[in-house]
Structure formats: C-alpha cells, structure tokens
**Q** 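Just dropping this structure here.
Each chain gets a letter, A, B and so on, in the order the sequences are listed, and its residues count up from 1. Hydrogens, waters and symmetry mates play no part in the numbers below; they use all other heavy atoms, side chains included.
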Amino acid sequence: EEEKSTKPPAGSSKSGWKNWKKTKDSDSGGEESKITYCHWLLKSEPESRLEKGVDVKFSIDDLKAQPNQTTFWDGVRNYQARNFLRAMKLGQQAFFYHSNCKEPGIVGIVKIVKEAYPDHTQFDQKDPHYDSSSRKENPKWSMVDVQFVRMTKRFIPLSEIKAHHLAHKADGGPLKNMMLFTRQRLSIQPLTQGKNLPLWTLGAVPSERQPLLREPGSSTYGFFFLTFSTQRNLSLS
DNA sequence: GCCAACGTTGGC
DNA sequence: GCCAACGTTGGC
C-alpha cells in the first residue's frame with residue numbers, strides 16, 4: 001500500500017488504483033503525504049546487540065567517530081519509516097534518540113546531508129537487513145546521509161518526555177500526539193508543532209524561512225520541543 | 001530477561 | 001478482506 005502511495009502502479013489493477021487514490025485522498029492516510037515535515041527523530045541503539053551475528057550498535061559517539069561525522073542511515077525496513085526518510089530534505093535537523101538501552105532518550109542533533117537514495121544493504125546477503133524480495137531495478141528501501149551537529153545541552157530521558165506527553169494528553173499540550181508514544185515502534189518519525197499552540201513562546205518570532213533551530217544564547221528558540229520545555233522552565237538546547 | 005505493543009505474513 | 005499466528009521493537 002505504501003509502495004503505491006509513492007508511485008501509482010503502471011498497469012495497475014482496479015483495486016490497486018483504488019488503494020492508491022485512497023491513501024492520497026483520505027484524511028488519515030493522505031495526511032502524511034500532504035503535510036510537509038521539517039524536523040525528525042531518529043532512533044538508534046547505543047548498546048551492542050547481535051542481529052544475525054552482526055552487531056547493530058550505533059550510538060551518537062559512533063556517529064561522531066565516523067569520517068566527517070557523517071554516516072548513511074541504513075537498515076530501515078518499515079514502510080512508514082521509509083516514507084518519512086524519503087520526505088527528508090537537505091539541511092533538515094533531527095534528534096538522535098538512543099533506544100533499547102539502559103537510558104533511552106534524546107542525546108543529540110543531526111542534520112540531513114544527503115536526501116533519500118537506495119539502501120545498498122538490502123542487496124547484501126551478509127547484512128542483517130538483507131531483503132531478498134527487493135530488486136535492484138526497483139529498490140524497496142531507502143536511506144539518507146546524516147551528519148552530527150551537536151549534542152543536546154543535556155540528556156533528555158524518555159521518562160521526561162513521557163511525563164510531558166501524559167500531561168499534554170490531559171491539557172492538550174504540544175506533545176499529546178508525539179509519535180514516540182502513539183507509534184512506539186516507529187524508528188523514524190516527524191516532529192510537529194502541535195496544533196493549537198503558538199510555536200514561539202519566547203523571544204522574537206523568526207521569519208518563516210529561518211532555520212528553526214538556534215544555538216544556545218540566541219534570543220529565539222526553535223524546535224517545537226523547546227516550546228514545551230521553555231514553558232516549563234527547562235532548556236533542551 | 002520479560003513481555004506488551006504492534007507490524008507483517010499467510011491461510012482461508 | 002479477515003484475522004490468527006508470528007516476529008520484532010523497545011521499555012522496564
């Protein structure tokens with residue numbers, strides 16, 4: 001279904017076409033394709049774990065250790081996550097989240113330095129994420145390149161984000177629909193402003209085209225995350 | 001290490 | 001198209 005939403009089938013059957021139209025037009029399915037996201041959250045496992053004999057550990061320190069502090073984000077094998085990958089634009093920023101570990105939470109910020117292209121690991125039989133059903137002429141899975149930007153000023157534990165999420169579910173705050181909780185298993189997710197709240201709660205309102213994320217000390221704050229944090233006297237940047 | 005959540009697979 | 005079985009994710 002997700003395949004069809006990116007590209008209508010050439011000689012499509014009636015039902016295939018219908019499904020494609022449905023995902024484009026319906027409120028729930030279509031929303032994803034219509035909305036333009038600007039910020040993301042990427043999960044990665046910082047602790048060693050073997051998958052088909054291969055260690056899948058990749059912490060933010062591992063990213064920092066890469067040449068140019070840059071790596072390809074391979075191994076995404078979920079259609080929704082893949083579609084988000086494909087929606088990522090050059091220069092956009094994402095939180096780097098440590099998952100499946102002692103202290104899950106946000107540890108840093110990365111940026112997209114190359115937009116989606118075929119994930120070569122899907123064709124590599126030795127790779128734990130090898131996909132025998134994918135053809136080179138029409139690769140199923142994509143990856144982007146990301147580069148380390150910086151660590152967050154402090155570690156932001158899942159427990160803290162979750163506390164806000166729970167509070168916001170009650171009071172309609174910006175994190176009430178955060179996908180970290182509404183789609184707990186999604187490894188690539190967009191961050192949104194939250195519908196009924198002003199994005200900018202402190203300082204000047206930046207013009208629309210300015211980068212949303214500022215260095216500490218700037219008079220304006222970006223990343224919707226900072227909205228709730230500043231409201232609650234926390235500082236994430 | 002346990003297990004709940006949830007995405008995927010495949011029989012019917 | 002339904003849904004039970006199964007596999008994976010990821011918090012705890």
**Q** Which comes earlier along DNA chain B counting from the 5' end, the contact point of A:N100 or that of A:R77, where each point is its nearest nucleotide?
**A** A:N100

**Q** Check this one for me: any side-chain N or O of A:K162 less than 4.0 Å away from OP1 or OP2 of C:dC12?
**A** yes

**Q** Tell me which nucleotide among C:dG10, B:dG7, B:dA5 gets nearest to the side chain of A:S187.
**A** C:dG10

**Q** Please give, in whole Å, the distance from B:dG7 P to A:D131 CG?
**A** 19 Å

**Q** Between A:I161 (CD1) and C:dC12 (P), how many Å, whole number?
**A** 11 Å

**Q** Send over the distance from A:Q184 CD to B:dC3 C1', rounded to a whole Å.
**A** 11 Å

**Q** Using a cut-off of strictly less than 4.0 Å, decide whether A:K43 has a side-chain nitrogen or oxygen near OP1 or OP2 of C:dG10.
**A** yes

**Q** Which whole-number value in Å describes the distance from A:L41 CG to C:dT9 C1'?
**A** 15 Å

**Q** Using a cut-off of 4.0 Å on non-hydrogen atoms, how would the nucleic acid contact of A:F181 be classed: base, sugar-phosphate, or nothing?
**A** nothing

**Q** Nearest to the A:Y79 side chain among B:dT8, B:dA5, C:dG11, which nucleotide is it?
**A** B:dT8

**Q** Tell me whether the count of non-hydrogen atoms from other residues, nucleotides or ligands lying under 6.0 Å of NZ in A:K111 goes above 12.
**A** no

**Q** Does C:dT9 have OP1 or OP2 sitting under 4.0 Å from an N or O in the side chain of A:Y97?
**A** no

**Q** Roughly, in whole Å, what's the span from CG in A:L42 to P in C:dT9?
**A** 16 Å

**Q** Any idea how A:F58 and A:F96 line up, ring-wise: parallel (<30°), tilted (30 to 60°), or perpendicular (>60°)?
**A** tilted

**Q** Heavy atoms from C-beta onward define the side chain here; which of C:dT9, B:dG7, C:dG11 lies closest to that of A:R49?
**A** C:dT9

**Q** Would you classify A:K102 as touching base, sugar-phosphate or nothing, given that sugar-phosphate means primed atoms plus P, OP1 and OP2, and contacts are heavy atoms under 4.0 Å?
**A** nothing

**Q** Which whole-number value in Å describes the distance from A:Q80 CD to C:dT9 P?
**A** 15 Å

**Q** Judged by modelled atom types alone, do A:D62 and A:S59 share a side-chain donor-acceptor pair under 3.5 Å?
**A** yes

**Q** Whole-Å distance between B:dG7 P and A:L186 CG?
**A** 8 Å

**Q** What nucleotide among B:dT8, C:dT9, C:dG11 has an atom nearest to a side-chain atom of A:N78?
**A** B:dT8

**Q** For A:K140 and B:dG7, give me the distance from atom NZ to atom C1', rounded to whole Å.
**A** 14 Å

**Q** Tell me if the NZ atom of A:K57 is crowded by more than 12 foreign heavy atoms within 6.0 Å.
**A** yes

**Q** So that I can tick it off, tell me whether A:R49 and A:E47 are bridged by a salt bridge, with the cut-off set at under 4.0 angstrom between side-chain N and carboxylate O.
**A** no

